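Remarks on the structure that follows.
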There are 2 protein chains.
Amino acid sequence: MRSYHQYCALAKALDILGDRWTLLIVRELLIRPCRYGELQEGLPGVASNLLATRLHHLEESAVVRKAADGRYELSAWGRQLAEPVQALVRWGAPLMDRRGKDDAFQGRWLALLIELIFGGVDAARPPFVAEIRADGQAVTLESAEGRVVFRPGAAAAPNLVLTGPADAVVGLLSGRLDRAGAQAEGVSVLGDADTLARLRRPDWLSGPEACREA
Amino acid sequence: MRSYHQYCALAKALDILGDRWTLLIVRELLIRPCRYGELQEGLPGVASNLLATRLHHLEESAVVRKAADGRYELSAWGRQLAEPVQALVRWGAPLMDRRGKDDAFQGRWLALLIELIFGGVDAARPPFVAEIRADGQAVTLESAEGRVVFRPGAAAAPNLVLTGPADAVVGLLSGRLDRAGAQAEGVSVLGDADTLARLRRPDWLSGPEACREA
DNA sequence: CTGCATCCGGGCCGATACTG
DNA sequence: CAGTATCGGCCCGGATGCAG
């Protein structure tokens, strides 16, 4: 990308990150180190040459490094992008209330949203295991010792299993939909859905408070 | 911009913000509401048609609104971009250690960096007024009641006046350079430079700790 | 099969001219 | 002052090729 040639930290950051696809590559690498092919899977629609070019730029910029096993991974500096990316996810979260009909979805993308809604440590959180099958892709959300962690794949002994279309499941996770509302949108709720709400961050707001207007 | 067509909050946010120049327009509007011409000043190099197109998109997306006086301003949702933008500024701050020879500079861009370095409330902060003349553009940094505020323009009765090239002044503000180092880079220091350091946030790190490598 | 490089059509970007 | 119009060029998107 052409540099903005501005002596401003935001412009400098965007000189590195502002190209199309670049921040989505970072998203994938924040979730886990990736092979080239895994990145292609995780970035539906990216052109092969663009992916290669972006990765080279990110390597030159010391954001991404190629590990010994051939995987791409973030450098220490690159991992610090977790904050700005999470902030963008928080800002964009209200946009998740409607899913475009052509929108692709991957279960692991829930990792960012779950970190946003259930992040932090809170000793008052009860232990809990939820299995989430959004668009048929299973991921697990496990609360233990006050902390909620995300894992890909199914759970062994879940207290709750949510199955349904991704947007309805996200609505239930975020609190935009209640149990009845989510079921009306095609979510099957098996087990203890009430405890899930108690796991949310106290400062997590959804609905109209997260004003998208005015 | 073409949508990424991904049901992911980051992708949705970038569908709105990902175009070239868009986040820099938001930067200007975070600093103050702007007329079209002021935006052009604040965004050296932007093509007029692009600026108009971006503003229209941002209005459609309910991020920007045109006020009664003809100025453009952020909506409530748009103002919430302060967090992701500040996070990007924090991430990009290490890149401010070197200034490209063609880099433009505007005094008001220091507002974001100053908010980063001196933000928050800390009752232990002494009252203080610093006038900063970076590249000949005067801005004022005033500490009062534990809070540091940024204002454009010169100060009436400053405790400290820093004059010099923008990169050296930024080096001194951020702590990357000490008084002697900054003077070696052409900064003239008039008054109490030591108190300035006591105004910084305790969690503000500069130098090698803000790792850009490894 | 994975991990890219090459090629080409189309759309976005950049610079400037122009208008109300 | 506040945009709109225009055009060349570069970046992006999609398909294909190819080497380890």
Side-chain angles (χ1 to χ4, degrees), chain A residues 1-6 10-11 14-29 32-61 63-73 100 102-104, chain B residues 1-6 8 10-11 14-29 32-61 63-74 100 102-104:
Chain A
M1 156 175 284
R2 264 180 71 89
S3 167
Y4 287 109
H5 291 297
Q6 295 186 2
L10 178 64
L14 293 175
D15 282 345
I16 294 177
L17 305 171
D19 273 311
R20 193 162 161 75
W21 293 107
T22 300
L23 273 175
L24 295 186
I25 293 171
V26 170
R27 172 193 71 191
E28 292 298 310
L29 296 177
R32 79 273 184 234
C34 282
R35 298 179 181 283
Y36 190 89
E38 294 176 305
L39 283 169
Q40 281 186 311
E41 277 183 77
L43 301 167
V46 72
S48 177
N49 58 346
L50 283 191
L51 179 54
T53 305
R54 297 294 180 268
L55 285 169
H56 287 317
H57 283 332
L58 287 172
E59 283 187 278
E60 286 169 26
S61 307
V63 175
V64 163
R65 164 187 350 123
K66 201 163 183 176
D69 62 359
R71 285 181 153 112
Y72 293 94
E73 63 182 13
D102 301 341
D103 286 358
Chain B
M1 157 175 286
R2 264 180 70 92
S3 166
Y4 286 110
H5 290 297
Q6 295 185 3
C8 159
L10 178 64
L14 292 176
D15 282 346
I16 294 178
L17 305 171
D19 272 311
R20 192 160 163 76
W21 293 105
T22 300
L23 273 175
L24 295 187
I25 293 171
V26 170
R27 173 194 69 190
E28 293 298 310
L29 295 177
R32 81 278 183 227
C34 283
R35 299 178 181 285
Y36 190 87
E38 294 176 306
L39 284 169
Q40 280 186 311
E41 277 183 76
L43 301 166
V46 72
S48 180
N49 59 345
L50 283 190
L51 178 55
T53 306
R54 297 294 180 267
L55 285 169
H56 287 317
H57 282 334
L58 287 171
E59 283 187 279
E60 286 169 25
S61 307
V63 176
V64 163
R65 167 190 342 126
K66 199 164 182 175
D69 62 359
R71 286 182 154 114
Y72 292 94
E73 62 181 16
L74 293 172
D102 301 341
D103 286 357

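Keep in mind that this is a model prediction, so the values were computed, not measured. To find a chain, count down the sequence lines: A is the first, B the second, and so on, and within it residues start at 1.
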### Message
Once you apply a heavy-atom cut-off of 4.0 Å, does A:A52 come out as touching a base, just sugar-phosphate, or nothing?
### Response
sugar-phosphate
### Task
For residues A:L43 and A:R27, determine if any side-chain heavy atom of one lies less than 4.5 Å from a side-chain heavy atom of the other.
yes
### Message
Restricting to non-hydrogen atoms, name the atom on B:R35 and the atom on B:D69 that form the minimum distance, rounded to 0.1 Å.
### Response
NH1-O, 3.7 Å
### Message
Looking at the base of C:dG14, is there any donor atom on it, or on the side chain of B:N49, that sits under 3.5 Å from an acceptor on the other one?
### Response
yes
### Query
Should A:K66 be listed as having a side-chain N or O under 4.0 Å from OP1 or OP2 of C:dG3?
no
### Query
Quick one: B:Y36 OH to C:dT19 P, roughly how many Å, whole number?
17 Å
### Query
Between D:dG13, C:dC13, C:dG3, which one does the side chain of A:W21 approach most closely?
D:dG13
### Message
In this structure, how many angstroms lie between the P atom of C:dC13 and the CZ atom of A:R2, rounded?
### Response
13 Å
### Task
With rounding to the nearest 0.5 Å, note down the distance linking CG in B:L14 to OG1 in B:T22.
10.5 Å
### Query
DNA chain C: A:E38 or B:D19, which has the more 5' nearest nucleotide?
A:E38
### Message
Please determine whether a side-chain nitrogen or oxygen atom of A:R20 lies at a distance below 4.0 Å from atom OP1 or OP2 of C:dC12.
### Response
no
### Task
Just say parallel, tilted or perpendicular for the rings of B:Y36 and B:Y72, cut-offs at 30° and 60°.
tilted
### Query
So, the side chain of B:Y4 versus the backbone of A:W21: is there a donor-acceptor pair under 3.5 Å, distance only?
yes
### Summary
Rounded to whole Å, the CG-P distance (A:L39 to C:dG3) equals 9 Å
### Task
Please report, rounded to the nearest Å, how far the P atom of D:dA2 is from the CG atom of B:L51.
11 Å
### Side-chain donor/acceptor of A:R20 to backbone N/O of B:G18, under 3.5 Å
no
### Task
Starting from P on D:dA5, measure out to NE2 on B:H56 and report it in whole angstrom.
10 Å
### Task
Return yes if the base of C:dT16 and the side-chain atoms of B:S48 contain a donor-acceptor N/O pair under 3.5 Å, otherwise no.
no
### Message
Are A:L55 and A:L39 packed together at the side-chain level, in the sense that at least one heavy-atom pair is separated by less than 4.5 angstrom?
### Response
yes
### Query
Is B:R71 touching bases, backbone alone, or none of the nucleic acid, heavy atoms closer than 4.0 Å?
nothing
### Message
Does A:G45 reach a base, just sugar-phosphate, or nothing at all? Heavy atoms under 4.0 Å.
### Response
sugar-phosphate
### Query
To the nearest 10 degrees, what angle separates the axes at the start and end of the helix from C:dC1-D:dG20 to C:dG20-D:dC1, five pairs each?
30°
### Task
Grab the CD-P distance between A:Q40 and D:dT16 for me, whole Å please.
15 Å
### Task
Mind calculating the distance between CG (B:D15) and C1' (C:dC12) to the nearest angstrom?
16 Å
#### Entry: Rounded distance (Å) that lies between atom C1' of D:dC12 and atom CG of A:L43
15 Å
